[in-house]
There are 2 protein chains.
Amino acid sequence: MLPYTPEQGTLADIATHRLAHSIVTGEIAQGQKLNEAELAERFGMGRGPLREALRHLEGMRLVKRIPNVGARVVILDHKTLSDLYAVREALEGMACRIAATQMTDAEIEQLRTLLDSHEKQIRKQGGKVYAQKEGDLDFHYQIARGSRNQMLMDLLGSEQYQLLRMCRYRTSRNAERTGPALQQHRQIVEALAQRDGELAEMLMRRHIQGAWQSIDEMIEKEEAA
Amino acid sequence: MLPYTPEQGTLADIATHRLAHSIVTGEIAQGQKLNEAELAERFGMGRGPLREALRHLEGMRLVKRIPNVGARVVILDHKTLSDLYAVREALEGMACRIAATQMTDAEIEQLRTLLDSHEKQIRKQGGKVYAQKEGDLDFHYQIARGSRNQMLMDLLGSEQYQLLRMCRYRTSRNAERTGPALQQHRQIVEALAQRDGELAEMLMRRHIQGAWQSIDEMIEKEEAA
DNA sequence: TTTTTACATATTGTCGACAATCGGAGTTAA
DNA sequence: TTAACTCCGATTGTCGACAATATGTAAAAA
């Protein structure tokens with residue numbers, strides 16, 4: 001589910017959220033054509049609101065539209081993912097740097113608590129890997145919030161970063177990295193607690209580079225097979 | 001004008017570009033209400049395409065929409081600008097770092113040529129400051145292109161960064177910084193030529209910090225008066 | 001057989017009208 | 001005088017139908 005799941009509001013917003021969910025979870029395949037009339041009927045609405053939803057999804061980079069031809073779900077190829085992670089590295093690094101000066105002690109303590117619960121979840125193991133993944137997103141989003149920068153929050157939060165969640169669903173099988181990731185998260189929190197923005201930024205950037213490296217290897221293994 | 005100004009294509013796209021232009025140049029004031037019916041008639045189209053344009057502009061962060069209430073032009077207050085420059089620093093820094101490894105020698109040479117023409121324009125002085133400003137945007141965009149990262153190009157290019165152009169129009173009067181800015185640009189190009197991504201990133205980030213500082217002071221002077 | 005052209009079909013783009021909702025003017029009561 | 005309430009006008013949200021455009025097929029020419 002999306003961070004906030006309004007099955008209310010305008011029909012266009014409902015369509016946006018339902019489609020975004022379907023796309024992110026892979027329920028609608030990458031590259032699939034999105035037929036306006038068909039979707040409108042499935043959602044029980046006219047084509048007007050649905051078209052607005054498609055425009056919105058285009059802004060989220062979840063679909064690509066071509067005039068007079070139609071909309072298709074984006075294809076997360078290797079290059080796109082690589083580009084995404086470079087942007088993430090830049091933005092989340094900056095968020096971290098600012099958060100080190102802006103977050104309250106209480107918020108940093110909350111981060112520690114969040115990581116504790118992650119650790120428990122990992123110990124219990126078997127449990128959904130997805131949960132950890134979404135929890136990881138939570139960690140990153142909490143830091144974005146800590147930056148007090150609305151634009152960063154938008155870019156790293158629900159509106160713009162559904163692409164990342166989509167990627168997570170696609171690569172959710174590699175659970176082996178949760179261990180090192182957790183430790184890196186802890187290092188980052190300590191840097192925040194010491195109010196060392198420069199260090200926090202560096203650690204976050206390394207963390208994301210590591211995550212990309214892990215995903216990159218996995219994709220290449222897949223493509224070899 | 002926009003980098004590409006299609007007065008063709010779908011009506012929604014035309015409306016998007018015309019409105020974006022009017023908003024960026026200040027022809028439509030910040031915070032002004034955008035009446036659908038009125039604009040639709042002014043542009044000689046129905047409300048459907050215009051609504052899609054508003055959605056698109058919302059994605060560009062040029063307008064803010066509230067359900068059942070309507071759309072207003074965003075207000076570029078101090079906090080918003082500050083947030084914008086932090087994001088710019090992160091993204092353009094990253095673009096610079098990558099460009100140092102990805103740009104061809106020919107492209108770097110082109111950058112030098114671009115800066116030469118900027119210098120001439122500044123010498124001729126009186127000439128439009130705007131031209132320099134847009135030229136500056138060119139410089140930054142060329143580097144974004146040099147990163148070969150489509151997402152960075154989108155975020156720093158025409159689609160997402162109209163906000164920045166809007167800011168430029170608002171603060172275009174302070175021409176005194178063109179001198180140091182040019183010198184910093186030259187330093188950046190040299191770092192690129194040496195293929196030193198780390199240095200190029202650092203210089204770009206400082207450059208943008210300096211630009212923000214300059215704008216920040218200017219705004220405070222304005223608000224004092 | 002291959003290429004090109006013309007056509008038929010499906011899909012997108014656009015419009016005008018109607019329904020739902022919000023903001024404000026005016027009224028009434030405390 | 002102030003507060004809350006009610007109603008009305010204006011604006012947004014939605015729908016269905018029609019026009020414009022692209023895609024795929026089949027026939028005709030090379």
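All values below come from the heavy atoms of this structure, side chains included, with hydrogens, waters and symmetry mates left out. Everything numeric in this text was worked out from a predicted model, so none of it was measured.
Between H185(A) and H140(A), a ring centre-to-centre spacing shorter than 6.0 Å is recorded.
When distances are taken from the side chain of L11(B) to each of dT14(C), dT11(C), dA22(D), the shortest belongs to dT14(C). Side-chain proximity of K33(A) to the nucleotides dT14(C), dT21(D), dT11(C) is greatest for dT11(C).
dT11(D) atom P lies 16 Å from atom CZ of R65(B), rounded to whole Å. Protein atom CD1 of I14(B) is 13 Å distant from nucleotide atom P of dG13(C), rounded to whole Å. Atom pair I66(A):CD1 and dG13(C):C1' shows a separation of 16 Å (rounding to whole Å applied). Going from atom CG of N68(B) over to atom P of dA20(C) covers 12 Å, rounded to whole Å.
Closest-nucleotide positions on DNA chain D for V69(A) and E52(A) were compared, and the one nearer the 5' end corresponds to E52(A). Remark on DNA chain D: of its neighbouring residues P67(A) and R51(B), the 5'-side contact belongs to R51(B), judged by nearest-heavy-atom nucleotide.
Side-chain polar atoms of Q142(A) and D138(A) form no donor-acceptor pair below 3.5 angstrom.
Of all heavy-atom pairs between M60(A) and L163(A), the closest is O-CG, 4.4 Å.
Contacts of S82(B) classified as side-chain contact (heavy atoms from CB on, under 4.5 Å), with partners at least two apart in sequence or in another chain: W212(B).
For residues 69-82 of chain A, the salt bridge (Lys or Arg N to Asp or Glu O under 4.0 Å) pairs, not counting sequence neighbours, are K79(A)-D83(A).
Of the possible polar contacts, none joining the S147(A) side chain to the I143(A) backbone as a donor-acceptor pair under 3.5 Å is found.
A heavy atom lying under 4.0 Å from DNA chain C marks the following residues of residues 34-50 of chain A, by number: L34(A), N35(A), E36(A), R47(A).
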